[in-house]
Amino acid sequence: MHRWSKLFIPTLREAPADAEVASHRFLVRSGYIRQLGAGIYNYLFLGQRSLNKIIGIVREEMDQIAQEFYLPGILPREPWEQSGRWAGMGDNMFRLKDRKGADLCLGMTHEEIMTTIARNELRSYKQLPQIWYQIQSKFRDEPRPKSGLLRVRQFTMKDSYSFDIDKAGLDKSFDLHDAVYRKIFTRCGLKFVAVEADSGSMGGSQSQEFMVYTDAGEDLIASCPVCGYAANLEKATSRLDPVVEMETTGDGTPELVSTPGCAAISDVAEFFKISPASDIKCVAYMARKVGAKGEPDTWHGVAAFLRGDHQVNETKLLGATKGVELRTMQTDELTQYFSGPAGFLGPVGLKPDAKPLEDGLTVVVDKSLEGRKNLVAGANKLDYHLRNVVPGRDFSWTLAADIRSVNEGESCPVDGCAGKLVVGKAVEIGHIFKLGYKYSESMGAKVLDPNGKEVTPIMGSYGIGIERILTAAIEQSNDKNGFWLPASIAPFTVVVTVTNIGDALLKETGEALAAELEAAGLDVLLDDRDERAGVKFKDADLVGIPYRINVGKKAAEGLVELVTRATATSVDVKLNEAVALVKERVQEDALLTAVGE
RNA sequence: CGGGGCGUAGCGCAGCCUGGUAGCGCAUCUGCUUUGGGAGCAGAGGGGCGGGGGUUCGAAUCCCUCCGCCCCGACCA
């Protein structure tokens, strides 16, 4: 039996000053975790217990569709070189050398390693499909660890990888994961939403994230309350209202206008008495392209043009140009590509590369500029703008793409839906995507098909952040006194609080009740500390245990008190009915979360 | 990497500007009283002020430098 008096549960009355988000404050205050360094945490008794419960659920569900492996966390350079990600991962990968000077890295994800196994072992279509998973520590040299366990440099991830003979097979593996993930998050008591997502540096086509709405989150989700459309802002689109075009002036060709000091969109709009939607904004970037085998990476100029009232979405821009990293141009780089200064940059007169990220300038225009006319744009000359600018007639581009972020209030992109998008913050707890052939191809995995022909298996990759499930659950359920977890992932289901351990009757009653609860299969913590009742109540409220049974004054009459943490309500129960009631409550909760979502 | 802030006892903080050898609350330990929402009284222990260097008779306080942590931004499978 777990007796609080013997355990190490270092609760804190005050949280460390640098803990900002609720989950961070409470994880530390409740003695779940202690910080060791920036983004590096020790998980103590309660924290580890809760994580183990989460892992238990993940494993149980994953075992329905996949086979568990355990891969190393420290990895040689070769597989990463083969996939092109040794360079592609950039500074986010922890790298080290062994005593012989050989390059190694700490695994941030395991596509390469799983693919190595597949390449070495899989020979026939008869062996497919395969789905392999593991639960492992991942390492990422985050530029900025933050928010307790939300963004860390070492964390636990369930990652799985599917190998299929064809696209239909991949679809099936993807759908299996989608279904299993929904079960897992539901069992963990999370209110989550599945959204369309960008596939980022992983490559691939379809990509779906599982998100929990919380202000502590770092992702933005656009969703439609009418039809249920939901997408990460890195991916979301919207339907734009038509813009009333400006009147044509003069002969209708671009006309140079002196606009002294009008460097900002707002200045230009005011000067011409136009809406910012009729002004063309230019944002100049340098984009990094991964070099061909053995070649170093190269940087190329990219000019992004979009409506003055829109914001560049750098993830979309990167995707459109096939670059791996963006940074804004420095002044000396601007002069290399443009004849005018920042604030007066425009598309007219530029010579776009035919293909993105070549030696010259890559010009990307947002799709919302296509078909527009009589726009205002910078003239690439200090204190001058052009008007009557018509995209396509007056300037051309390397490519047109959706490179802007949608805004709250814009129309839902789904055909026939009249909803308006809302944008909210969320934290990503899982991600599934169809990788395609990126890894199997580059690393040379092949099997024979029924015709004896060599084919490359198609892959999927699927992740769940274990700590993030805990963090999201806390963000979702806390008050000023602490937090409460669903019984399924709480370190204990019920705490038996003996209000006065010096009273022999109470002590014995508590011991007996705790033993009974344990015998009934519940995870019980007996608070047998020689503390005042108030102290024990405060601690119980703090540490996330969903149920508490107070053994106190009324024990002499054969009554104890069952307190439900989530609602802060209590009922008196006959001692001999307490166990059954707690079991019943826990089962009801499980049912509720099962229908929830 | 850019901007800002902070490092003094386990936690939260004061002291630094105007140098004189470190303090408060909580926590901890002992005793007595108390015992249903972080008890009261009395007593005790614990740090030499992130590290190094410098200025000075004297540095937590001033200067230099390095390290660490947090926040905003950049970044983020």
Side-chain angles (χ1 to χ4, degrees), chain A residues 10-21 24-25 28-29 31 34-40 80 83 85 88-93 107-112 138-148 150-153 155 157 159 161 197-204 207 209 217-220 232 234 285-286 288 312 314-315 318 324-328 330 427-428 430-433 435 438-439 461-465 468 480-482 497-503 506 527 529-542 548 550-555 560-561 563 568 570:
Chain A
T11 58
L12 258 29
R13 209 155 165 173
E14 288 174 282
D18 51 27
E20 300 246 323
V21 302
H24 186 196
R25 283 200 311 275
V28 174
R29 279 193 59 199
R34 284 295 185 265
Q35 183 172 23
L36 187 60
I40 307 176
W80 297 87
S83 71
R85 288 208 296 182
M89 281 301 191
D91 292 335
N92 251 24
M93 186 150 80
M108 46 198 301
T109 174
H110 283 75
E111 279 77 10
E112 281 80 355
K138 303 285 172 179
F139 301 88
R140 289 184 194 181
D141 192 0
E142 289 287 346
R144 191 179 155 208
K146 57 179 286 199
S147 306
L150 228 41
R151 175 169 293 287
V152 287
R153 294 195 287 179
F155 59 98
M157 181 162 133
D159 49 322
Y161 306 86
D198 178 66
S199 30
S201 76
M202 302 294 299
S207 166
E209 288 171 331
E218 299 183 280
D219 281 291
L220 291 169
N232 194 305
E234 296 174 345
Y285 292 97
M286 295 301 290
R288 180 161 68 92
V312 178
E314 297 186 0
T315 304
L318 262 187
V324 289
E325 186 182 346
L326 279 181
R327 60 174 174 77
T328 49
Q330 311 287 316
V427 58
E428 177 187 351
H431 198 163
I432 59 180
F433 43 104
L435 288 176
K438 175 169 172 166
Y439 300 92
S461 158
Y462 319 86
I464 289 180
R468 281 193 174 179
K480 66 181 194 316
N481 294 319
T497 302
V498 177
T499 58
N500 183 355
I501 204 71
D503 183 320
L506 300 191
D527 193 350
R529 291 175 298 167
D530 184 13
E531 288 286 353
R532 298 170 63 83
V535 173
K536 299 200 231 189
F537 293 158
K538 288 288 186 194
D539 272 345
D541 285 347
L542 177 62
R548 178 172 100 220
N550 291 334
V551 179
K553 289 179 209 160
K554 285 169 272 189
V560 292
E561 194 177 19
V563 183
S570 65

Using atom [atom1] of [X] as one end and atom [atom2] of [N] as the other, report the distance to the nearest whole Å.
{"X": "A:Asp91", "N": "B:G2", "atom1": "CG", "atom2": "C1'", "result": "16 Å"}
{"X": "A:Met89", "N": "B:C75", "atom1": "CE", "atom2": "P", "result": "17 Å"}
{"X": "A:Leu318", "N": "B:A74", "atom1": "CG", "atom2": "C1'", "result": "13 Å"}

Find the partner of [N]: check Watson-Crick (N1-N3 plus N6-O4 or O6-N4) and G-U wobble (N1-O2, O6-N3) distances, both under 3.5 Å, and reply none if neither fits.
{"N": "B:U18", "answer": "none"}
{"N": "B:C32", "answer": "B:G40"}
{"N": "B:G7", "answer": "B:C67"}
{"N": "B:A74", "answer": "none"}
{"N": "B:C13", "answer": "B:G23"}
{"N": "B:A59", "answer": "none"}

Exercise for the section: Could you walk me through whether A:Phe537 and A:Arg548 pass side chain to side chain contact (heavy atoms under 4.5 Å, CB included), step by step? Expected result: CA-CA 9 Å; A:Phe537 293 158; A:Arg548 178 172 100 220; 3.5 Å; yes
Practice task
Kindly label the base of B:G48 as syn or anti, based on whether its glycosidic torsion lies within 90° of 0.
Solution key: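 That one's syn.
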Exercise for the section: When you get a sec, tell me which of B:G37, B:G36, B:C76 is the closest nucleotide to the side chain of A:Lys553? Expected result: B:G36
Practice task
Please tell me which of the listed nucleotides, B:U34, B:C11, B:G38, lies nearest to the side chain of A:Arg532?
Solution key: B:U34
So which protein nitrogen or oxygen atoms get under 3.5 Å of nucleotides 3-10 of chain B's nitrogens or oxygens?
none

Practice task
Between A:Glu314 and A:Thr11, just flag the one whose closest nucleotide in RNA chain B comes earlier from the 5' side.
Solution key: A:Thr11
Problem - P gap between B:G36 and B:A42, integer Å - result: 24 Å
Practice task
Determine, for A:Lys438 against A:Glu111, whether the closest basic-nitrogen to carboxylate-oxygen distance falls under 4.0 angstrom.
Solution key: no
Practice task
Report the residues that fulfil salt bridge (Lys or Arg N to Asp or Glu O under 4.0 Å) with A:Lys554, sequence neighbours left out, ordered by chain and then residue number.
Solution key: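 Expected list: A:Asp572.
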Base, sugar-phosphate, or nothing: which does [X] touch, judged by heavy atoms less than 4.0 Å apart?
{"X": "A:Arg468", "result": "nothing"}
{"X": "A:Asp159", "result": "nothing"}
{"X": "A:Pro16", "result": "sugar-phosphate"}

Show each protein N/O and nucleotides 66-71 of chain B N/O combination with a separation under 3.5 Å, one pair to a line.
from  : atom 1 : to      : atom 2 : distance (Å)
B:C69 : OP1    : A:Ala38 : N      : 2.7
B:C69 : O3'    : A:Gln35 : NE2    : 3.4
B:C69 : O2'    : A:Asp18 : OD2    : 3.4
B:C70 : OP1    : A:Gln35 : NE2    : 3.0

Problem - Residues that A:Tyr285 engages under ring-ring contact (aromatic ring centres under 6.0 Å, His included), provided they are two or more places apart - result: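 Once residues adjacent in sequence are excluded, A:Tyr285 has no partner under the ring-ring contact (aromatic ring centres under 6.0 Å, His included) criterion.
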Handout entry: Per-nucleotide protein contact string for nucleotides 25-31 of chain B (B base, S sugar-phosphate only, - none; heavy atom under 4.0 Å)
Key = BSS----
Practice task
Mind checking side chain to side chain donor-acceptor pair (under 3.5 Å) for A:Arg532 and listing every partner two or more places apart, or none if nothing turns up?
Solution key: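 With neighbours one apart ignored, the set is empty.
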Exercise for the section: Working to the nearest 0.5 Å, report the span between CD of A:Glu428 and CD1 of A:Ile464. Expected result: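 That separation rounds to 11.0 Å.
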